[in-house]
Each structure stands twice: as structure tokens, then as C-alpha cells.
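These numbers come from a predicted model, not from an experiment. Per chain, numbering begins at 1; letters A, B, ... match sequence-line order.
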Number of protein chains: 2
Amino acid sequence: MKVKLEDVAKLAGVSPTTVSRVLNNRGYISDKTRKKVEDAVEELNYYPNDIARSLFKKRTNFIGLIVPTINNPFFSELSFYIEKISSNLGFKVILCNSLGEFEKEKSYATMLIRHQVDGIIVCSYNRGIEAYDNPRLPIVAIDHYLSPTIPVVGSDNYQGGYLAVKHLIDQGCKKIIHINGPGDLETPTQNRRKAYEEIVDNPITYELNNLFNEEETAKTIRKIFRDHPDVDGIFASDDITAAVCLNVADELNISIPNDLKVVGYDGTDTVLSLLPHLTTIQQPIEEIANTAVLILNKLINDFEIERNTESVLAVQLVKNSTT
Amino acid sequence: MKVKLEDVAKLAGVSPTTVSRVLNNRGYISDKTRKKVEDAVEELNYYPNDIARSLFKKRTNFIGLIVPTINNPFFSELSFYIEKISSNLGFKVILCNSLGEFEKEKSYATMLIRHQVDGIIVCSYNRGIEAYDNPRLPIVAIDHYLSPTIPVVGSDNYQGGYLAVKHLIDQGCKKIIHINGPGDLETPTQNRRKAYEEIVDNPITYELNNLFNEEETAKTIRKIFRDHPDVDGIFASDDITAAVCLNVADELNISIPNDLKVVGYDGTDTVLSLLPHLTTIQQPIEEIANTAVLILNKLINDFEIERNTESVLAVQLVKNSTT
DNA sequence: TTCCATATGTCAACCGCTTGATATATTTTC
DNA sequence: GAAAATATATCAAGCGGTTGACATATGGAA
């Protein structure tokens, strides 16, 4: 059997209440009693049962994190910081990979609620998940509009799109093509596209229906080169896609940056250390994480906070040699 | 207040026990009663409290995952699969980034135990963490020896080192240098080095003390080129380090693969899609994850299992154009 | 009709910890 | 030296479920 508080109490020769008091620093406890209890805890190698404690306190210190897939530099960096910051606030993070699938996300959301998480951070993108509708459940969304009562945190996607396209134009590109995710998603990410389409004369946007599948992406990119041999600038809406562009270009002997300039998006540490040549729009990932966790924390501790907020953080152009 | 089982019982006009029976499919329940209960659950939007359930059942379905940092392609891919497989078995994963720091790992381990996780998967590397010594706690280590009673899962590091070095020799390298992590860690990873040092005539191994810090890595690599201008082959013990080698080589105008051949290690999807040129030793990450989770699951369900096991999975040389 | 198997429900204790209410011991105050 | 104030510890209920033991209802079979 596991050692429990009662065992500690017996060994220390005090009541369970007293042990609890010592453990939680509540009420008056004499030094002698405290010492006895601490010794007993030590001797029995006692670990308090946080499940029991959570049940009583109605607070678990768990937060759920739903990402499409952690196996992607952007989400892994984001998750890293979210976990780090949460952990400093005393929260534990439950990791969920939704793969962007509705059913998966739904079942994860349900699971999180059943497990009484104190709050949820969602970086996935499915609307219509009833579990999110509970106004008592603190939720923060990253880069996705879930509902009017759910705060959104993200970077300035319009500005990012603007910087990327402006830079390509400044570098002399005449025909710039944009590659983006599925257009039917209502995410702030669409603002990258919006900026592009507003600036460029004859915008051409290719959509990737199957994110996180590089073979598909490569096919789409080959198609771009076939359809538009005169393309001289590509603004990809993420770095992995940009990298695939570079690889396909290499395969087709298209010289970078002479024949073609490429700008990516995200600017994670991982990508920048693997591909230091890549020009990209860098998102302030740590700051996004920080903002999201802080808002969630406020929501958890105080329901009366303004919920209809959108935090827009600044992005940055990182110039390298693909442009 | 949150809706609880009692509320459902009241609305359905039955006892709490009956509701519990319906929810858990235990005992005899008439269709009529079942329907009444289900309707009440629906109407009240009831979510069972898994914390309360866990307290009683002494089983939380949580597993802890301790990695140095999820912000790294290898660990993020590994974590992805671990979460995926665990989730299929009904487990939820608590993510912990130890950064390889003793104190952090210790406090995470303690936290996990207090939260009554059913088991822990450790990919970090600190020994001497008392929390792991509890023989009643199911633990599986990935690529690190923690204690004789903790099963280890990993790939064949010796074979990996052998394949990498052999390949470099086959490609005509005369002076091969190896870059590895800190040598004082007792990990199976050291077998990569062992293979290298056994095959090569005058082995030269550089150690990276500060993993996950690319600036340091770049400095070390520059030093290698300074110390050994005649180096014509590098076997790096991970892909990120290999990528930094490529970048430094580029910076110094060393032509790859003509002047220098580089072999990395890990072969994650992310790295291979960003750097399809990189020759590397590919670890069977999904299989590692799968094996680890299955062993952990067995340990959780049956303590009498053989604990002193080491699972060694096969690696594969992925030949590309850096060699 | 009586008896027993089957079907359907309820009661109450328990999981391990917390805490308001309460009791007892010790010290301070006048 | 008694009352008041302070320090220390205990009792018992409760957090939200689960479940073994027990009660009642229903329907044949004898």
C-alpha cells in the first residue's frame, strides 16, 4: 500500500489534521510537532496525494494544451515555452496532438474537462466543439478564433505578410506567388494572405489542403513551377513549406536567390539553425506563449476578466540569403 | 456549481448508484432506466469527474513524460509518437522539459508521483533521483540507464556508430572526427562513440558540454577545423550538430561532400525535410515510442514483469549527398 | 400458491486529503 | 488566582465518484 497521511500521523503520534497543517503551513504548529511530522514524512518517504487534494480543492493545477502536432518546429517551440512558463506558475501541462482532426480534438477536449483541468490552451482549429462553449472553462486560443468569448493570442499576421511581400518586391521580384494553408479556416493566419493579396497586383495563392504532409507540398510546388515558370518570388506561409520550395528548386536547378527568392514564416530556432540561409518572418514565439499562459492564468483566477480580447504581437523580418 | 452525478440522478429520478452503473456499464440496467439517465446526462451537459473516479480507483491514466526539451526534432518526434500511442491506450501524457537539469528533473519526478501518475517515461539523464527508486512505480527509460530495475528502450547505438563510420571510410575519408555529448553520461549513446573509437585508427572525439546550444556547438566546430585542417569526415552524434557542421563548413568555404563528408544521427522527419541532403543514421523513433509505451503499459498492469530488460532496435543509414 | 432465479435499485462505506468547528492546554493580564 | 487571550491539537463532514452488500420487484416453474 501507498503511504498516506494517516500513516505519517500515526508514526508522528499526532492526528491527520496536524499533519495536514504542517504540510500546508496552516494554523499554529509548535516546532516540536512540526519536526516530528517532518521526520515521519522523511522516514516513510511520503508523497501527498495530489488527486485527493485536487478533489477537495476543486483545483488541479492542470492545463491542457491542444496542438495539431508537436512534431513540428513551430508547435514544439511554442509548447516548450508554454510548458516552461506554466510550470513556473505551478501548472502541469497535458499534451494533446489533435492532428487537426475534429473527432480527435473533440475527444481530447472532453477528456480534459473530465480530468478537471483548470484551463486549456488551444492551437488547433476546429470550431463547433461543444466542450469549448462552457463559459466557466478558461480557454485561450492561439492564432485561431474559436468563439467570441475566447481570447486569442497571436502575432501580427498582416504585418508579417506585408513585410514578407514588401521585402520580395524590394529585392526585385516581379511575380510573387503565395502558398498558404486551407483557405476555409477562419484563422488570423489568413491575414498573411490578405496582406499579400492586397499588395501584389495579380495575386496567385496556392492552397495546401494537407498540412504536415511534405510529399503533397512538394507536388504542389512542382505544379507552381510548371504553371508559372516565370515565378521569381515565393512567400510561403511557414518555414517547412519554404524549405520544401528550396528543395524542389534545387531539384529543378533553379538558383536561389538569383532565379527565385523565397521567404518563409515562423522563424523557429530549429529551422534557423538547420537552414540559416532562410529568409523568414519570425514570430515572437516565447512572447506568444507567455501572453497566452498569463491570460489563461488570469482567467483561471478571476472569471470576471475581459474575455473578448485579441493580443497581437509584433513579428520581424529575418533577412538571409534566400532573398 | 458544476453538475455532478447526484444532479443527474435527481433529474433522472434514480439513485446515484444507478447513474454510475449506467455510466460504467455495470450490473443490470433496463433500457428504460438507461435512457432516462442518458437523457439527463445530455440535458445537464454532465461530464464525470475523473479526479474523483481516479481517487477511488487508484488509477489516473496519466503518464509522465520527461524529456530534456521538446524543442528539438528528435524529442518532439518521439514525444509525438509516445503521446499518440499512449492516447490509444487511454493514457494522457503530462509533458515535462527537464532541460537536463538535476533539480528540474527531480521536482518534475516528485510532482508526477504526487499526481499519482500510473507510470513515467524518462528520456532525460539524471541519475540519483530518489523518486525513481520506488519499485512500485512503473518507469521506462529511453536511451539512458537509470537503475538496474528500470527497463531501457533505445536503438542500436553501436551499430549506428559503426554504420556511420564505416560509410565515411567507404567514401574515402582518411581523417574522421567524432562529435559527441558529454562523455561522463552513462548512456547507451556512448556506444556510438565506442564504435567510432574502435574502428578508427586515431580517434579524435570532441565533446559538447552544452547540448542544445548551437552557438557553443559552432565554436567547437570551428575549433575542430582549426585544430585539424585535414579533417575530411565528421560523424556528429545528432543531426543538429551535423547541420551546424554544414553551416560552419559553408562559412569557411569548405566544400561538401568534396572536402568534407558529414554524417548526422537521428534522421527525424523534420530534419530530413529541411535538409534532405544530410546523410544520417536514422533511429526508429516510432518503434522506440511504441516499445516504451507497451513496456510501460505492461508494467502498469502487471508488476511481476521482468524489469531488467534492454530493448535494442535497429537503426538505418540514410545516404544522401553530404557524403 | 409457493419458491427461486433473474432483473433492477438503493445504502453506506470508502478513496486520501482539507478545514470549520470545537476542545484542551498554556500563557498573559490584572 | 481567575478570566481572557493565545497556542495546539482533534473531530467529523465533505470533495465526487464507485462498489459490495442488501432489498425489492418480476416472472416462471413446480
Side-chain angles (χ1 to χ4, degrees), chain A residues 1-41 44-62 110-118 136, chain B residues 1-38 40-41 44-62 110-118 136-137:
Chain A
M1 276 312 302
K2 261 180 189 157
V3 180
K4 50 190 181 182
L5 188 137
E6 200 189 323
D7 302 321
V8 175
K10 254 179 217 148
L11 181 63
V14 298
S15 78
T17 305
T18 303
V19 176
S20 173
R21 291 260 149 91
V22 172
L23 260 33
N24 296 292
N25 266 315
R26 288 173 39 84
Y28 303 108
I29 294 287
S30 66
D31 287 352
K32 220 188 319 169
T33 306
R34 165 163 282 118
K35 178 97 179 45
K36 273 193 301 186
V37 170
E38 281 166 353
D39 287 352
V41 164
L44 294 173
N45 209 346
Y46 169 70
Y47 291 91
N49 182 330
D50 272 349
I51 291 292
R53 187 187 301 223
S54 293
L55 180 58
F56 187 88
K57 295 248 187 142
K58 292 162 179 280
R59 166 132 185 185
T60 57
N61 291 314
F62 271 121
T110 305
M111 176 277 277
L112 292 173
I113 292 175
R114 293 173 54 136
H115 270 282
Q116 313 298 112
V117 293
D118 293 340
R136 310 193 62 74
Chain B
M1 277 312 301
K2 262 181 189 157
V3 180
K4 48 190 184 181
L5 187 137
E6 201 187 323
D7 302 320
V8 175
K10 254 179 215 148
L11 181 64
V14 298
S15 77
T17 304
T18 304
V19 176
S20 172
R21 292 258 150 90
V22 171
L23 261 32
N24 296 291
N25 267 314
R26 290 172 39 85
Y28 303 108
I29 294 287
S30 67
D31 288 350
K32 222 189 315 167
T33 305
R34 163 163 283 117
K35 178 98 180 39
K36 274 194 301 187
V37 171
E38 281 166 353
V41 165
L44 294 174
N45 210 345
Y46 169 70
Y47 291 91
N49 183 330
D50 272 350
I51 292 291
R53 189 187 300 224
S54 293
L55 180 58
F56 186 88
K57 295 245 187 144
K58 293 162 178 282
R59 166 132 185 185
T60 57
N61 290 315
F62 270 122
T110 305
M111 176 278 276
L112 292 173
I113 291 176
R114 293 174 53 136
H115 269 283
Q116 313 297 115
V117 293
D118 293 341
R136 310 193 63 75
L137 178 69

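Closest heavy-atom contact between A:Leu23 and A:Tyr46: CD2-CE2, 3.6 Å. B:Ala9 and B:Pro16 get closest at one heavy-atom pair: CB-N, 3.6 Å. Residues B:Ile29 and B:Arg21 share a closest heavy-atom pair of CD1-CB, 3.8 Å.
We find that NE2 of B:His115 is positioned 21 Å from P of C:dC15, with the value rounded to whole Å. Atom CG in B:Asn49 sits about 9 Å away from atom C1' in D:dC15, given to the nearest Å. Whole-Å rounding puts the A:Phe56 CZ to D:dG16 C1' distance at 12 Å. Rounded to whole Å, the distance from OH on B:Tyr47 to P on D:dG17 is 14 Å. Atom CZ in B:Arg53 sits about 4 Å away from atom P in D:dT18, given to the nearest Å. For B:Arg114 and C:dG16, the CZ to P distance is 16 Å, given to the nearest whole Å. The distance from atom CG of B:Leu5 to atom C1' of C:dT10 is 14 Å, rounded to the nearest whole Å. Counting to the nearest Å, the C1' atom of D:dG14 and the CD1 atom of B:Ile51 are 17 Å from each other.
For B:Asn24, the listed nucleotide lying nearest its side chain is D:dT18; candidates were D:dT18, C:dC15, C:dC17. Listed nucleotides: D:dT19, C:dC17, D:dG16. Nearest to the side chain of B:Arg21: D:dT19. Among the nucleotides C:dC17, D:dG16, D:dA7, the one closest to the side chain of A:Ala52 is C:dC17.
Residue A:Tyr28 has a polar side-chain atom (N or O) positioned under 4.0 Å from OP1 or OP2 of D:dA7. Contact between the side-chain N/O atoms of B:Lys58 and the OP1/OP2 oxygens of C:dG16 is found at a separation under 4.0 Å. An OP1 or OP2 oxygen of D:dG17 is reached within less than 4.0 angstrom by a side-chain nitrogen or oxygen of B:Tyr46.
The stretch residues 7-20 of chain B comes close to DNA chain C through B:Val14, B:Ser15, B:Thr17, B:Thr18, each having a heavy atom under 4.0 Å from the strand.
Backbone-only contact: B:Arg26 has heavy atoms under 4.0 Å from sugar-phosphate atoms and none from a base. A:Asp50 comes within 4.0 angstrom of nothing in the nucleic acid, heavy atoms only.
Counted by atom type alone, B:Ser20 and B:Thr17 present zero donor-acceptor pairs between their side chains at under 3.5 Å.
Salt-bridge check for A:Asp39 with A:Lys35: passed, with a basic side-chain N closer than 4.0 Å to an acidic carboxylate O. No salt bridge links B:Lys4 with B:Asp7; every basic N to acidic carboxylate O contact stays at or beyond 4.0 Å.
B:Gln116 contributes atom CD, which lies 10.0 Å from atom CD1 of B:Ile51 (distance to the nearest 0.5 angstrom). Distance check: B:Leu112 CG to B:Asp118 CG gives 11.5 Å after rounding to the nearest 0.5 Å.
A donor and an acceptor atom never sit less than 3.5 Å apart when one is taken from the side chain of A:Arg34 and the other from the base of D:dT8.
Comparing A:Glu6 and B:Ile29 along DNA chain C, the residue whose closest nucleotide (by nearest heavy atom) sits nearer the 5' end is B:Ile29.
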I'd like a table of atom pairs between the protein and nucleotides 26-29 of chain C - only N or O on both sides, under 3.5 Å - with the distance next to each one.
none

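Between A:Leu11 and the choices A:Val19, A:Leu44, A:Val37, the side chain to side chain contact (heavy atoms under 4.5 Å, CB included) rule is met once, by A:Leu44.
Contact of the A:Thr18 side chain with the A:Lys36 side chain is not registered, since no non-hydrogen atoms from C-beta on lie closer than 4.5 Å.
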